[in-house]
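A short write-up of the structure that comes next.
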Amino acid sequence: MQTTPVIKQYLDIKANNPGSLLFFRMGDFYELFFSDAEVASNTLDIILTKRGQHMGKDIPMCGVPFHSAEGYIKKLLDNNMNVAICEQLESPKEAKMRGYKEIVKRGVVRIITPGTKLEESFLVQKENNILMALFFFDNSWTACWIDISTGLFKSTSTDDSRLLSMIDQISPNEIIAYKNKQEFGVLGSEASLEITWLDNKRSFSKSVLLEFLSSFFDLDHLKELNIGRLGSLSLIVRYLQKNRNLFLEHYNMPEQIELSNIMTIDPSTRKNLEINTSLDGEKNLSLLGVVDKTCSLLGSRLLKRRLNAPSTQTNQIFKWQRKITEFYNDNQITEEVRSLISKFPDTERALSRLIRLGPNPRDLYSLKKGMDLFFLLKDKIKSLRENKIALDDLVEDNLRNILEDLGLAIKEEPPLTIKDGGFIKETFNKELQKIKLEEKNAKFDLLELQKKYSQKTGIKSLKLKYNNVLGYFFETPIAYKDKLLEDNEFFHKQTTVNTIRIKSASLDKAEKTALNARNNALELEVRILGELHQKAIEISKDIIGLSRKISSLDVCSTLGHVAKINNWCCPLVDNSNDFIIDDGRHSVVEKTVLKKSLNGFVPNNCSLSADEHLWLITGPNMAGKSTFLRQNAHIIILAQIGSYVPAKKAKIGVANKLFSRIGASDNISKGQSTFMVEMLETSNIIKNADSKSFIILDEIGRGTATFDGLAIAWAIIEKILRNNKSRTLFATHYHELTEIESKNSKVKNVSCEIKEWNDEIIYSYKVIHGKSKGSLGIKVAELAGFPNDVILEANALLRKFEKKRINEKDVDLRKGDLEKERLLKVKRDIDKIDLESITPLEALNILHGLKSDI
Ligand code: ADP
Ligand code: MG
């Protein structure tokens, strides 16, 4: 059996678009064939059928109706697949006109990938949807990322050490990179990152890159960029071009981000501190959940970006603080602004859909509504010093012109789609008014005709109806069939089970006028809409700018509002190494505690400085150690996004990096080799933290045998004191560590207070000076109803162990102790050498290593 022309066409298109499922439009369906069909039927749970044969084998096929395709496409995207939309580019009639056997021309109009979604239903409303290109050149990474659904477009450079935290900060939905050995090296080992590796056959000379990019961007601007920036930009442009999502002419050049201006937060810290979601994945119980009381979707997206990229620059932080304070101080204006913003539509996404998917009344109306509110807001805050909106005259004119046009032309709350018309106000256009009047008159004539026929025949139930096949017709119950057909004025059109349908010459005439008017009106409405659409997207950069201003206004007024309702204070931020908090609180735990008990959350002080930068926190289980650690990390993040903080008073020197290591006991459910993970993360901390960094370490060493763990924890503290000098909060259950305080003035012991009363343990959740009395583990066991003899034995053993406890002398490592350790390591290393197989060069290398070990 020969391959049919359609299958041949399919195979050609498929070959040109590898890597995506091809949705092949055939009439009212998108059909999938061959392995695409198998994959799709499986994922979508739809029936797999066959259609003809190819090379002697059945062709598997499945399909989805085109009008409900969105839901199916979403599911495939959610499963990390790409979808290529192949449309019919002409009508069957047009094809036949070219030749009797010609088939309809088809072509891919768009490839939808996880990073290039536009449809509302594919996107998460309160999150950006980002495509990131990573380009490696000259030992450095340049990233360029874009959210084509909002117009966000940025770029930055970094070395290996910050790469993963940068990616985690941006949290892209799709990453692309060229295939290349080094690139595989770092990124390839990171299993949790999904990366699309693209073949690279191009050279990256500056002139080639400039030539390619100059058709999209201003050449003078481009010339200022280095090869890394140009390379990442061209990578993203080529990718968007390939999947036909390119509309960069509406955007400015990517904004350059300097990573040293942003606090580094490594991926595990972001997760453990529950910044965007709790460890169970709930947004409500995260820091974002507490602060995200924004009123618009744009504001919500901006706040999330800001919270994930606290600034290290005091100037920037002060600017944000001033804006937020202005709202904090003026309840009334805050309320008014917030109430206006709550009506603000998602102009960012409406604009992107208009640009890429063409005119539609609903999105144009959203722009109109947005611009209306924008000017209202601008007026409302014109007396505010910090927040008032300044607009370039030209931009203001642009916006006002379009706003006026849209206001005059588009009906309130218009229909979602174009097809039925009714979205342009008749008053907008004389011609339209005339046609609409004709249509109205014709409809009136039709109704008159109905009345007339009803009277003439005496059939009260004679009805005027419309469908796509017959157009207008009259319908009566079947019982009147003979009576009607006797009358010469009527001619029979159709008989159904219960009814008879007829037409008449007068009906034909009125119908023709009505349908003509309707088509003409629709045509005119579509033309007007197209013109407005064109005008609007011509000023898309101004509309993107307007959306930015609103989102920033939303974030600042929201943070002012959140500070007020939660009783937060404005921190004093500077470049010192201080971290002095009076009555600090944990904003999430505070909310849950309040629900659970009447006592409420117990605030705590914290005071770190260059002179005393490590606090060692001891205390039994459940006493509040972890909460204290996290609340302080949250406070420093909030302070550096310019926000107020949950405390009575705070003085905070900016931190350049934030590290955390939360003990194995706290995320044991993950079931990884927790101790290994713990050590990897800790090693990262002591390698990268410096005197401007902030570290929280929670129960380090817990995942291994007591003495191992204690030794490791001890060595880490010494290392931090000696080298990193970072501000550090260290919670531990190893009481032995409290000895360090007496030897190093930079360390301070604190503990979470507990009281014993009538054989009961009472947690006061107060962080007090001095070490805790003991872990009280046996006490807890007793309370839990352990048998008496077990408790007795445990207490006796405890006393014995305690006698043997390391005393201060033992742990005061002398030079000799370390010397001995080093020699032992050298001996171990020598033992490992296999003299039979080693080459002279290897031997020399090992010797070199041994020498540096001693
Ligand atoms: P630890 O780390 O010492 O075992 P956690 O910090 O996990 O203790 O705290 C255990 C529980 O105690 C928390 O879930 C919270 O309900 C309560 N808690 C902690 N700190 C406070 C506080 N400052 N005020 C009130 N309740 C607190
Ligand atoms: Mg804890």
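Bear in mind that the values here come from a model prediction, so they are computed numbers and not experimental data. Just follow the structure's listing: the first ligand is 1, and inside any ligand the first atom is 1. These numbers come from the heavy atoms of this one structure, side chains and all, not from hydrogens, waters or symmetry mates. We count residues from 1, following the sequence as given.
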List ligand 1 atoms under 4.0 Å from Thr627, heavy atoms only on the residue side. 5 (P), 6 (O), 9 (O), 19 (C), 20 (N)

Per-atom filter on ligand 1: closer than 4.0 angstrom to a heavy atom of Val593 are 16 (O), 26 (N)

Numbering as shown, the atoms of ligand 1 that approach Phe601 to under 4.0 Å (heavy-atom distance): 21 (C), 22 (C), 23 (N), 24 (N), 25 (C)

Ring centres of Phe694 and Phe659 under 6.0 Å apart? no

Is Glu127 paired with Lys304 through a side-chain N to carboxylate O contact shorter than 4.0 Å? yes

Which atom pair, heavy atoms only, marks the closest approach of Cys556 to Asn387? CB-OD1, 4.1 Å

Indicate whether the side chain of Asn276 and that of Arg270 have a donor and an acceptor atom separated by less than 3.5 Å. no

Does the residue Ala623 have a heavy-atom contact with ligand 1, meaning some pair of atoms that are separated by less than 4.0 Å? yes

Look only at interatomic distance and state if Val589 has a nitrogen or oxygen under 3.5 Å from any nitrogen or oxygen of ligand 1. no

What do you reckon, is CZ of Phe786 surrounded by more than 12 foreign heavy atoms closer than 6.0 Å? no

Report yes if some heavy atom in the side chain of Val573 is under 4.5 Å from a heavy atom in the side chain of Val654; otherwise report no. yes

Nearest heavy-atom neighbours spanning Ile685 and Ser660: CD1-O, 3.8 Å

Under a 4.0 angstrom heavy-atom cut-off, which atoms of ligand 1 come close to Asn621? 4 (O)

From the options Lys625, Glu590, Met622, select the one whose nearest heavy atom is closest to atom 10 (C) of ligand 1. Met622

Need the ligand 1 atom indices (1-based, order shown) with element for anything under 4.0 Å from a heavy-atom of Gly624. 1 (P), 3 (O), 5 (P), 6 (O), 8 (O), 9 (O), 19 (C), 20 (N)

Check each atom of ligand 1 against the heavy atoms of Pro620 and keep those under 4.0 Å away; list them by number with element. 3 (O)

With a cut-off of 2.8 Å, does Met622 place any N/O/S atom under that distance from the Mg ion (ligand 2)? no

